[in-house]
Amino acid sequence: MPNQGPSKPTASSTPTDRTPRYNPAEIEPRWQAQWDAHPELYAAEPPSSGKQKYYVLEMLPYPSGQLHMGHVRNYSIGDALARHMWMRGYNVLHPMGWDAFGLPAENAALKHNTPPRDWTLANIAAMRIQMKRLGLSYDWQREVTTCLPDYYRWNQWFFLKMYERGVAYRKKSKVNWCPECATVLANEQVIDGCCWRHERTLVEQRELEQWFFKITDYADELLRDLDKLEDWPEKVRTMQHNWIGRSEGSLVDFVVVPKEKDARAQLFEPISLNLTETLLEPEPEVVKIPVFTTRIDTIYGATSLQLAPEHPMVQEFILENGELEKKIRHLFEQQKVAREKADMAALEKKGVATGRFATNPFTNEPIPIWVANYVLMDYGTGAIMSVPAHDERDHEFAKKFGLEVKIVVLPRRAKEGEPGDAEPMLPYTGEDSLLINSGEFTGQGCQEAQQNMVAYAQKQGFGKPSTTFRLKDWGVSRQRYWGTPIPMIYCPQDGLVPVPEDQLPVLLPDKIEFSEEGGSPLSRVPGFASVPCPKCGQTARRETDTMDTFVDSSWYFYRYADPKNTHAPFDTETIAYWFPIDQYIGGVEHAILHLIYSRFWTKMMRDLGLVKNDEPVQRLFTQGMVIKNGAKMSKSKGNVVSPDDMIAQYGADATRMYALFAAPPDRDLDWQEDGVAGISRFLSRVYRFAIQTMPRVVSGRNQSLPPDYNPLERQLMRKLHQTLRRLTQEFDGRWHFNTCIAAIMEMVNDLTAEESTLQSGAVADSVLYAITRNLVLMLQAFAPYMAAELWSQMAEETPLLRTPWPAYDEALAAENTLQVPVQVNGKLRAVVSVPAGSDGDNLRATALAEPKIQTALAGKEIVKVVLLPGKLV
RNA sequence: GCGAAAGUGGCGGAAUUGGCAGACGCACCAGACUUAGGAUCUGGCGGGUAAAACCGUGGGGGUUCAAGUCCCCCCUUUCGCACCA
């Protein structure tokens with residue numbers, strides 16, 4: 001037969017072989033059809049089963065139309081776990097669905113003139129086929145598709161509940177605008193100043209009226225509960241911690257010195273109040289500039305006030321002094337550029353003195369007011385007090401612009417009476433220190449002074465404790481079509497009117513025209529925007545923005561537990577059984593976006609009385625990326641490997657198994673096709689061996705194990721139990737499935753090495769049966785098709801998934817002869833064999849009798865002999 | 001700059017606790033079977049040596065009978081944070 005390209009293993013290609021060849025192209029579709037016909041195989045039992053539940057979840061995909069290797073890896077991990085937990089006797093919930101709203105559908109509509117709905121549903125159908133081809137154990141009866149009204153109506157329902165409680169609100173504010181998406185983005189969707197979808201598109205700031213969710217109401221709890229999430233990766237917790245960015249400090253009002261008064265005069269001359277004048281002149285308005293600080297203890301060292309270029313007061317200063325305008329605009333531009341480049345650190349600090357002063361309420365002394373490019377309007381109050389002696393940034397700035405540096409904190413002396421540390425290196429930012437030059441607070445420790453000073457400020461009415469967050473409210477309005485319509489109506493008479501609950505869902509119209517121009521596409525749909533007001537019946541305008549798609553993914557996993565519910569998003573009692581999710585698996589790229597929104601949503605639902613859990617996810621696992629040739633797979637790099645190609649060539653079992661074998665699941669995985677071929681060879685060996693021994697395995701099924709194992713039986717049983725032990729421990733612990741698969745390979749290598757001996761009947765059929773049966777159970781998590789095929793050939797009656805996971809036997813796993821390495825001065829000199837259970841003297845004698853050891857010890861004195869039980873001498 | 005993780009053959013990786021470094025797989029080499037081999041099987045495979053000795057886990061020190069693993073210093077890579085007041 002001429003060479004015709006890659007040879008696919010087909011049964012007909014080797015007609016002369018006596019044993020059938022492993023042919024996944026034949027085996028896999030056959031079992032897939034079986035599983036399709038029996039969805040109950042993978043169906044979770046209801047809470048009433050009373051069984052211990054296990055909810056394992058992989059992050060639902062966006063239906064792009066194509067699975068990629070990252071998906072395959074993600075689902076292979078989850079599927080291995082789900083199958084294992086089934087065998088461990090749990091009632092396993094393992095669902096899958098589609099994060100089906102989103103911009104790509106609209107882009108596709110524009111490009112191919114296909115309605116987003118058709119495009120999306122076709123993609124879902126294609127990907128569902130791919131998933132089924134992979135043999136994933138999903139409960140398809142619970143499939144959730146977020147773009148269908150039976151799902152998104154509950155988004156709308158939640159929105160109304162949130163609106164009632166003030167958690168959803170509308171405000172005009174500066175928002176992130178991606179020109180590419182032609183829509184607003186949440187803060188979480190802006191990465192390094194660019195859109196999360198368009199890595200190179202700079203996000204613009206636009207002033208728009210938008211819907212927000214008050215996630216900041218939960219900021220404290222979201223932060224605090226991170227401590228409860230012990231089974232989450234430290235990395236994710238840190239990222240969320242940073243994102244929330246809680247900072248505890250104080251607000252202090254500085255009073256602007258009126259322009260008429262010469263600040264310097266006020267400084268040096270006691271103020272002689274002319275009562276008549278004061279009474280005659282109109283009282284000058286007291287203008288306060290609140291400042292946020294975490295170091296109120298250093299306030300006596302504040303030598304200037306620095307305002308953000310966009311600070312409202314700055315406008316007034318510009319009105320008074322036109323020359324300032326250009327300079328301040330310049331500062332603003334510098335800051336803007338730096339922020340867009342996401343590199344504020346590289347920004348050269350610049351500032352402009354306004355010529356005006358403000359009074360430090362603690363000292364009653366005026367300090368100059370500046371405008372600085374490094375002060376941000378959207379953090380704190382947009383104004384800071386500058387303490388050059390005790391803050392790095394302020395120090396740098398003060399030195400550059402010649403501002404006063406006033407030391408008010410000194411390090412504590414190590415021992416009383418010892419010299420030194422009078423002049424600390426500036427800036428000195430240590431907090432285990434003492435105050436000087438700080439009025440009545442002099443001599444107090446920093447921590448102590450912080451408390452006393454804010455209390456004093458509060459008493460005097462010019463300050464209070466305050467906590468600031470980096471986390472901002474979640475902007476959810478999107479000026480797009482393919483999303484959940486926001487169920488609100490604007491009535492000229494009644495104002496904002498929610499769509500009544502019984503009129504939900506607000507259906508997304510099917511007929512829609514797309515154009516390149518911006519604005520909400522729904523506003524151009526005749527008959528959608530115009531609607532009678534539910535209150536007065538007059539013509540009103542419907543909200544035409546849709547919700548951020550992260551709303552969909554914030555609670556989809558609750559719907560899985562009760563997917564067909566038509567009168568509520570889900571049943572609270574059912575949720576109480578299934579939640580929290582025992583194990584969630586996905587990429588670390590969702591550490592902030594999806595995972596923080598989901599946590600918020602759960603807490604919000606808890607406050608609505610819908611769920612009882614505080615957190616959605618008990619354990620989180622973030623798998624590594626799939627890379628190829630050192631780079632993340634991407635179309636632009638041309639290094640994408642298609643799962644379909646892999647399956648067509650090597651089968652789903654080999655593809656999945658390789659995804660688990662090539663690296664531990666938490667690490668990045670370098671995809672090497674030769675490795676998949678290696679797994680495929682391994683599966684072929686397994687298949688050939690199993691089929692060849694199958695008649696004896698089947699006959700061994702009803703025989704009891706021999707009372708005593710012969711040496712070969714003992715050896716094979718030992719390997720079996722060592723392998724079982726490895727798998728049991730890995731599933732319980734660190735999930736290094738790569739070593740599990742390696743262990744199974746070792747076991748199979750041992751079996752095939754003894755193949756001819758086995759054929760000649762050296763091992764009892766019952767032993768062969770025990771080994772093969774357990775081999776199949778172990779393979780099930782990684783190569784479910786192979787396992788199903790062999791299981792059926794063994795004519796087992798229990799469904800594979802419901803077969804209890806075998807407990808390993810420590811005694812059987814133990815070696816009876818130990819190969820003990822012997823070291824002399826830490827160097828390996830020999831390996832001696834001793835029977836298991838030998839005592840130290842015995843071992844020592846054996847070791848000393850070994851010629852190599854005698855050579856190594858020649859002419860030396862034995863100082864010490866170290867014996868380690870079960871290890872080495 | 002701060003924080004975290006990582007660095008082991010030609011490659012992916014193993015070595016749960018300080019105890020035989022390189023399991024398992026890929027690639028490669030040799031052989032067998034073949035009209036053929038990109039199929040299958042057998043053997044080899046860190047460097048070094050005729051064989052040993054010896055040297056080897058990013059680099060340098062240290063602790064220990066014993067270090068990939070623990071301690072100190074440094075380098076590199078990846079990730080996260082970064083004028084957050």
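Note that this is a predicted model, so its numbers are computed, not measured. Every chain is numbered from 1, with letters handed out A, B, ... down the list of sequences.
Contact between A:T216 and A:K472 at its shortest, heavy atoms only, is CG2-C, 3.7 Å. Annotation for A:H311 and A:I289: closest pair NE2-CG2, 4.1 Å, computed over non-hydrogen atoms. Taking each heavy atom of A:V408 and A:H390 in turn, the nearest pair found is N-NE2, 3.0 Å.
For B:C41 and B:U34, the C1' atoms lie 12 Å apart once the distance is rounded to whole Å. Taking atom C1' in both B:G80 and B:G43, one finds a spacing of 49 Å when rounded to whole Å. Comparing B:C45 with B:A52, their P atoms sit 11 Å apart, to the nearest whole Å. Taking atom C1' on both nucleotides, B:C26 is separated from B:G13 by 10 Å, rounded to a whole Å. The gap from the C1' atom of B:G46 to that of B:G10 amounts to 10 Å, rounded to the nearest Å. Spacing between B:C72 and B:C81 at atom C1', rounded to whole Å, works out to 27 Å. Distance check on atom C1': B:C28 versus B:U57 gives 23 Å, rounded to whole Å. B:G9 sits 10 Å from B:G56 when the C1' atoms are compared, rounded to a whole Å.
Stem analysis of RNA chain B (at least three stacked-register Watson-Crick or G-U pairs, each with both distances under 3.5 Å) gives B:1-7 with B:75-81, B:10-12 with B:24-26, B:28-32 with B:40-44, B:58-62 with B:70-74.
A sub-4.0 Å separation between OP1 or OP2 of B:C26 and a side-chain N or O of A:R681 is present.
A:R393 has no carboxylate O lying under 4.0 Å from a charged side-chain N of A:E396, or vice versa, which leaves the two without a salt bridge. The residues A:R726 and A:E746 are annotated as not salt-bridged, no charged nitrogen and carboxylate oxygen being separated by less than 4.0 angstrom. Between A:K719 and A:E754 there is no salt bridge, since no side-chain N of the basic residue sits under 4.0 Å from a carboxylate O of the acidic one.
A straight line from NZ of A:K719 to P of B:A23 spans 13 Å, rounded to a whole angstrom. Rounded to a whole Å, the CZ atom of A:R688 is 10 Å from the P atom of B:U40. Taking atom CZ of A:F689 as the reference point, atom P of B:C41 lies 14 Å away to the nearest angstrom. Rounding to whole angstrom units, CD of residue A:E673 and C1' of B:G38 are separated by 12 Å. Straight-line distance from the CD1 atom of A:I627 to the C1' atom of B:U77: 12 Å, rounded to whole Å. Summarising the geometry, the separation between NE2 on A:H241 and C1' on B:C2 is reported as 14 Å, rounded to the nearest angstrom. Rounding to whole angstrom units, CZ of residue A:R21 and P of B:U40 are separated by 7 Å. The distance between atom CG of A:L683 and atom P of B:U40, rounded to the nearest whole Å, is 13 Å.
Applying the 90° cutoff around 0 to the glycosidic angle, B:G12 is assigned anti.
The neighbour count for A:K464 NZ, taken as heavy atoms of other residues, nucleotides or ligands under 6.0 Å away, does not exceed 12.
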Checklist entry - Does the pair A:L620 and A:L229 meet the rule for a side chain to side chain contact (heavy atoms under 4.5 Å, CB included), with working shown? => result CA-CA 9 Å; A:L620 175 70; A:L229 301 177; over 6 Å; no
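Counting heavy atoms from C-beta outward, A:I384 and A:Y374 have side chains that approach closer than 4.5 Å.
With hydrogens and angles ignored, the 3.5 Å screen pairs no side-chain donor or acceptor of A:D253 with any backbone N or O of A:K288.
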Checklist outcome for this item: The contact string for nucleotides 11-16 of chain B, one letter per nucleotide 5' to 3', using protein heavy atoms under 4.0 Å with B, S and - for base, sugar-phosphate only and none, comes out as SBSSSB
Checklist entry - Base, backbone or nothing for each nucleotide of nucleotides 79-85 of chain B, written B, S, -, heavy atoms under 4.0 angstrom, 5' to 3'? => result SSSSBBB
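Every side chain to side chain contact (heavy atoms under 4.5 Å, CB included) that A:E26 has, sequence neighbours left out, goes to A:N23, A:R30. Looking at residues two or more places apart in sequence or on another chain, you find a ring-ring contact (aromatic ring centres under 6.0 Å, His included) between A:F621 and A:W735.
If A:A753 and A:A677 are placed on RNA chain B by their nearest nucleotide, the residue sitting closer to the 5' end is A:A677.
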Contacts under 3.5 angstrom, residues 655-663 of chain A side chains, donor-acceptor by atom type, not counting sequence neighbours:
residue : atom : partner : partner atom : Å
A:T655  : OG1  : A:G651  : O            : 2.7
A:R656  : NH1  : A:D79   : OD2          : 3.1
A:R656  : NH1  : A:L134  : O            : 2.8
A:R656  : NH1  : A:G135  : O            : 3.1
A:R656  : NH2  : A:D79   : OD2          : 2.6
A:Y658  : OH   : A:D670  : O            : 3.2
A:Y658  : OH   : A:Q672  : N            : 3.1

